[in-house]
Amino acid sequence: MLENLNEEQLEAIKTTEGPLLVLAGAGSGKTRVLTTRVAYLVSEMGIDPSNILAITFTNKAAKEMKDRIYKMLGSLAYDIQISTFHSFGLSILKEHYKELGYDKNFTILDSDDSLTVVKKIMKDMDLDPKKFNYKMIRNRISSAKNELMSPKDLERFIGNDIDQLVVDVYRKYQDKLEINNSLDFDDLLMLPITLFRKYPDILARYQERFKYVLIDEYQDTNEAQYILTKLISSKYKNICVVGDNDQSIYSFRGSNYQNILNFEKDYKNAKVIMLERNYRSTKQILDVANTIIKNNKLRKDKNLWTDIEDGDKVIYHRSLNEKDEAFYVKEKIEELRKTSPLSEIAVLYRTNAQSRNMEEALLQANIPYKVVGSIYFYKRKEIKDLLAYLSVVYNNRDDINLLRVINVPKRGIGTKTIENLEVQARISGKSIYEVIDSGKELEFKRIIEDIKEKQENMSLTELVDYILERTGIREELTSDDTIENEVRLENLEEFKSITKTFEEERGIVSLEEFLDELSLVADATEYQNNTDVVTLMTVHSAKGLEFDNVFVIGMEEGIFPHQNSLMESSDVEEERRLCYVAITRARKKLWLINCKTRTLYGMDSANPVSRFIKEIDDDLLIKENIQDERKVITKANMIDKNAEYNIGDKVSHDTFGVGVVVSIDKSIVTIAFPHPIGIKMLMKGHKSIKKI
DNA sequence: GCCTAAGTGCTTTTT
DNA sequence: GCACTTAGGC
């Protein structure tokens, strides 16, 4: 078990008592240290497996850790609690929902559902939707929760009308969730803390149970996660946190990498171990990563090194456009697959939207791939509808899901009826299901009741089938023979194969178990078992993974670093850390790719080369296709029909600033906007363009 | 109540 | 470019 470990790794494993901070650079064997440490605690120190709590951020990391520990400990591993923060929170709430005023069958809303609730509340408040951004309000509520602030706590910080509005909506939002017996993602972290603060005896039991606590990716913890771990480990203080401040990439979710830098202050006698030797990447790749990350000002310097000297140089390729970019990657993959399994190839990008062209290219070339984190499966209407039915069957009081399907398929329940139901529910403080007592909606209620009754003697897959039958969804989709309906049916069949896999792996699965897991794992690829395929994913999802061959596409200003990060230097630094994460995923070969022009938001644009590429020393790269920079002009339709345009005219745009008309061809006017957008073209009828 | 066409706004990253 | 909303006719 302890073979082939270096001195620092061994020390991290054997320091079992007291607080321990492991600063682990990329590829330094962090996961190995964590898993071996757990195994060591059990097999060498004789610690009861059920006294150990290991927390990760992603389901994937948790699964990986479980598998590895299982290999070392066998079935003893089952008693170790290894989970993500959110699933750990959920497990606490499953035991103590009563103390918090919830019923056993509470449901968990995904972030779209939360947004729907916020929208609804704001509409009820008669707020002009154009004036207030729902998403912004939802995000503010979410941040407040992650900072452990109730509406009342937040009140003290009101400085303007918007703040006041956030507090008002937050209060109503929380009331709504409680009436609906439902929780959002943030509640999974916040409520356990509320519980522990209110009931010290319950906390004491958890402290007693989890005498040994391990936290992975500690640099990504937010306030709620930080407090939660602190509470649980505050009695025995056997807390081991592992992380790398250079890989902190979740500040948008409230994570604070100061948590890792402050660890020594929090725990006075903390031991600190640095893992600086990289076992993953070649020197050529590591050099590129190091030259980029050293541009961050707010950073603790460290020296990540490797002795893998003989590698290939990193390639920087510049394509014509995004199609060409995808084509290039496809060509390279076809070469690679002669010598490497497809599972050792990853294509990484900054935003999910970038997967599309890549998918098309791979599809055309018959190269199997998977898109990780692609939630599009669960976002599809038919799947969401089915899930909504399952949720309502499980928790009748879940208004959000009920309203989604009360008229699906069409049953003649329209806006008026629904409005009435909502009003009734609001005055009586009940859920919609509870106030239904007549009309077509009673018919709906009967369907749900019937499914609930039948459910008792059915497997999960049978239940899904019965819902499709009883609700009329299947009939609706088969009665009209269109391609769209065909696809929908296929997706529903695919869903059934997910439930089947579930049941094969775990035997009888309750609806509760299934819904819980789906709400925490919104990624269809987690349940696919095709292994030898190319992996497409965002850089964020790639964290913690490694591949022999890595392509990073879209290395352009405005994309990577992303447009929205360019205003704040601290945000650009986070983008740089993200870039560092991307590069350090590669073991052997790395390609950095961008293109001269691409279609973005429905417009053609020419983005400058990413600053991260420019930060790399020339002699570290092989450059391909680099020529005539910055003269690319693309065209599209245009604009304010009432105005006349001449070359050289100045125009202004709310987002892009002041631009100059560079060419006119019939109805197409091309406008150049300054850095960093590059040159943007605008479509016909775009009102935000004004001639000056 | 339902359907369609036209209009609008927005896309960062995730549990 | 797309998903989502809205208005207006049936």
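Chain letters run A, B, ... following the sequence lines, proteins first, then strands; residues in each count from 1.
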Rounded distance in Å - [atom1] ([X]) to [atom2] ([N]):
| X | N | atom1 | atom2 | result |
| --- | --- | --- | --- | --- |
| A:Phe560 | B:dT11 | CZ | C1' | 16 Å |
| A:Asp112 | B:dT15 | CG | C1' | 14 Å |
| A:Glu556 | B:dT11 | CD | P | 21 Å |
| A:Leu115 | C:dC4 | CG | P | 11 Å |
| A:Asn133 | C:dC4 | CG | C1' | 14 Å |
| A:Lys440 | B:dG1 | NZ | C1' | 8 Å |
| A:Lys543 | B:dT15 | NZ | P | 12 Å |
| A:Leu228 | B:dT15 | CG | P | 18 Å |

> Going by the angle between their ring planes, with limits at 30° and 60°, are A:Tyr250 and A:Phe57 parallel, tilted or perpendicular?
Replying inline: parallel

> Nearest to the side chain of A:Arg356 - C:dC2, B:dT15, C:dC4?
Replying inline: C:dC2

> Which nucleotide in the list B:dC10, C:dT6, B:dT15 gets nearest to the side chain of A:Lys123?
Replying inline: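 Per side-chain heavy atoms of A:Lys123, the pick is C:dT6.
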
> Are side-chain heavy atoms of A:Arg299 and A:Glu573 found at a separation under 4.5 Å?
Replying inline: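 With C-beta onward as the side chain, the pair stays apart.
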
For [X], enumerate each residue passing the side chain to side chain contact (heavy atoms under 4.5 Å, CB included) test, keeping only those at least two apart in sequence or located in another chain.
| X | answer |
| --- | --- |
| A:Ser111 | A:Arg138 |
| A:Lys94 | A:Leu90, A:Phe106, A:Tyr394, A:Glu512, A:Asp516 |
| A:Asp184 | A:Ser114, A:Lys145, A:Tyr173, A:Leu177, A:Asp186, A:Asp187 |

Grab the N/O contacts between the protein and nucleotides 2-4 of chain B below 3.5 Å, and write none if there aren't any.
from: B:dC2; atom 1: OP1; to: A:Gly412; atom 2: N; distance (Å): 3.3
from: B:dC2; atom 1: OP2; to: A:Asn407; atom 2: ND2; distance (Å): 3.2

>> Once side chain to side chain donor-acceptor pair (under 3.5 Å) is applied, do any residues pair with A:Thr535, and if so which ones, sequence neighbours excluded?
In response: none

>> Please report the distance separating the C1' of C:dT5 from the corresponding atom of B:dT12, rounded so that it comes out in whole Å.
In response: 24 Å

> Is the shortest distance from a Lys or Arg side-chain nitrogen in A:Glu223 or A:Lys230 to a carboxylate oxygen in the other one below 4.0 Å?
Replying inline: no

> Would one find more than 12 heavy atoms of other residues, nucleotides or ligands at under 6.0 Å from atom CD of A:Glu360?
Replying inline: yes

>> Could you check whether atom CZ of A:Phe327 has more than 12 heavy atoms from other residues, nucleotides or ligands sitting under 6.0 Å from it?
In response: no

> Which is true for A:Lys119 with a 4.0 Å heavy-atom rule: it touches a base, it touches only sugar-phosphate, or it touches nothing?
Replying inline: sugar-phosphate

Check the interface with nucleotides 12-14 of chain B: list each N/O to N/O pair with the protein under 3.5 Å, or write none.
from: B:dT12; atom 1: OP2; to: A:Asn564; atom 2: ND2; distance (Å): 3.1
from: B:dT12; atom 1: O4'; to: A:His562; atom 2: NE2; distance (Å): 3.3
from: B:dT12; atom 1: O2; to: A:Arg350; atom 2: NH1; distance (Å): 2.6
from: B:dT12; atom 1: O2; to: A:Arg350; atom 2: NH2; distance (Å): 2.2
from: B:dT13; atom 1: OP1; to: A:Asn352; atom 2: N; distance (Å): 2.9
from: B:dT13; atom 1: OP1; to: A:Asn352; atom 2: ND2; distance (Å): 3.3
from: B:dT13; atom 1: O4'; to: A:Arg350; atom 2: NH2; distance (Å): 3.3
from: B:dT13; atom 1: O2; to: A:Arg350; atom 2: NH2; distance (Å): 2.6
from: B:dT13; atom 1: O2; to: A:His540; atom 2: NE2; distance (Å): 3.4
from: B:dT14; atom 1: OP1; to: A:Thr538; atom 2: OG1; distance (Å): 2.9
from: B:dT14; atom 1: OP1; to: A:Ser541; atom 2: OG; distance (Å): 3.1
from: B:dT14; atom 1: OP2; to: A:Asn352; atom 2: ND2; distance (Å): 3.4
from: B:dT14; atom 1: O4'; to: A:Arg253; atom 2: NH1; distance (Å): 3.4
from: B:dT14; atom 1: O2; to: A:Arg253; atom 2: NH1; distance (Å): 3.2

